[in-house]
Protein chains: 2
Amino acid sequence: MPVSVFQSAPKGAPARTADVYRAAAALMVEKGFGGTSIGDIAQAVGMTKAGLYHHISGKQDMLYQIMKHAVDALERIVCTPVRLIDDPEERLRQLMRLHIQALIGHGLAFATIWSEVNHLVPAHREEIRGRVGEHLELIRETLRELSENGRLRSLDVNIATMHIVNAITGVSRWKFQDFASEEEHLIQETVAYTMAALLKPAP
Amino acid sequence: MPVSVFQSAPKGAPARTADVYRAAAALMVEKGFGGTSIGDIAQAVGMTKAGLYHHISGKQDMLYQIMKHAVDALERIVCTPVRLIDDPEERLRQLMRLHIQALIGHGLAFATIWSEVNHLVPAHREEIRGRVGEHLELIRETLRELSENGRLRSLDVNIATMHIVNAITGVSRWKFQDFASEEEHLIQETVAYTMAALLKPAP
DNA sequence: CCATACCTACCGATCGTTCGGTCACCAGTC
DNA sequence: GACTGGTGACCGAACGATCGGTAGGTATGG
């Protein structure tokens, strides 16, 4: 049983608020921010629109809160543990594995970070972009380390970084339609595919 | 000057209708189907909402028409020329190159095929999914051919196929924000990255 | 007794869509 | 060359539905 992305809402134990965020995230990934109405979200958690507003302060702010929690969880579940791994190759493998597992396991809150950022007001957008940028920097840094060790193929580190996160988020988009119930196989194949793209072949 | 995706609307020369589709596709890729209003599209082409309805028969049908044209163009610009290439490796390289160039060059109509399919009514959704499936089959078949020639690494062909189209569509999402004006470099790096992931290393 | 969690009822704004009408431009006819 | 009729392209105004959001009330648990 994975730790929820929304384990800590504002304060105390508003477990229902977490339900709201979870349902909202799932709907927004499926139908987009503009295509998801407050009424849809309320219905998904068995409430009325008015009842929802006890838990949220507005539609856009809710999106912002979801993304903030998702970015926090990304830091907590993926980045922090992974930074402790010394070997850059193993660090990258674990980063991908943990990120994909988180994406699949915890509702779909994570996915909003990548797909719905531009529905935020500019100030919030910059904040989320910045924090996502830290995550990208972790990948970039690992690639640079691999490069210094002479284990990386000759490639553009910035573009490779984008391809890595693109593969990760891509997997979470397929999971729920084309490749149900093969999670472990999917992760192993994806990690192997990416590693083959990055590393020099074994001599 | 590239051939437009919308070169042939219903009949004759309704050049303005093509403008409408183009603007609609661009807006929908940027803000999603639900987040793009008819008024937005009308404003983008300098018309009123009412005037728009001279060119379209409804919002959902417009999305369907856009996707139909995009799938046709994909067949015409990418699949058909590429099928004439004998060597499977070269065929795959050209497929990626042509697809990315098409995605970047022709407004953004192509991108809707992948991102907005589930806003269609079920009947149309199945139709588009089927035609996109033919495109996936071309990639899968090429991978199988490479495999028979002993040039493919040991990998799951279905998953690899998804990673390939995922990389292609991913590139078109970055292009307009992070990597402006480096199109050729972007394509070369992406093709090299993907080929390294797929092929056995040269002996 | 009071905060929490939710409701019914409603608001103004915006949504997709339709209707009736306008204007430029074309044929054909006298 | 003026007159008529038709057509394609568009607009202003309005339709009912739905949108995000609010006001005020109620039931419940501590």
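Protein chains get the first letters and strands the later ones, always in sequence-line order, with residue 1 at the start of each.
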* Asked: Any side-chain heavy-atom pair from A/Q94 and A/E89 closer than 4.5 angstrom?
  -> no
* Is A/R16 near enough to C/dC6 that one of its side-chain N or O atoms lies under 4.0 angstrom from OP1 or OP2? -> yes
* To do: Answer with base, sugar-phosphate or nothing: what part of the nucleic acid does B/G46 contact at a heavy-atom distance below 4.0 Å?
  => sugar-phosphate
* To do: Can you label the angle between the B/Y21 ring and the B/H69 ring as parallel, tilted or perpendicular, going by 30° and 60°?
  => tilted
* Whole-Å distance between D/dG8 C1' and B/H54 NE2? -> 5 Å
* Intermediate values then yes/no, salt bridge (charged side-chain N to carboxylate O under 4.0 Å, His left out), A/R140 and A/E137 -> CA-CA 5 Å; A/R140 254 194 301 268; A/E137 188 53 33; 3.0 Å; yes
* To do: Determine: side-chain N/O of B/H55 to OP1/OP2 of D/dC10, distance under 4.0 Å, yes or no.
  => yes
* Counting any heavy atom closer than 4.0 Å, what does B/T36 reach on the DNA or RNA strands: base, sugar-phosphate only, or nothing? -> sugar-phosphate
* Asked: How close or far is atom P of C/dT17 from atom CE of B/M62, stated in whole angstroms?
  -> 9 Å
* To the nearest 0.5 Å, what is the distance between SG (B/C79) and CD1 (B/I139)? -> 8.0 Å
* Within the structure shown, what part of the strands sits under 4.0 Å from A/T48 by heavy-atom distance: base, sugar-phosphate, or nothing? -> base
* To do: Figure out the CG/C1' separation between B/L52 and C/dT17, and round it to whole Å.
  => 12 Å
* Please give, in whole Å, the distance from D/dT26 C1' to A/M47 CE? -> 17 Å
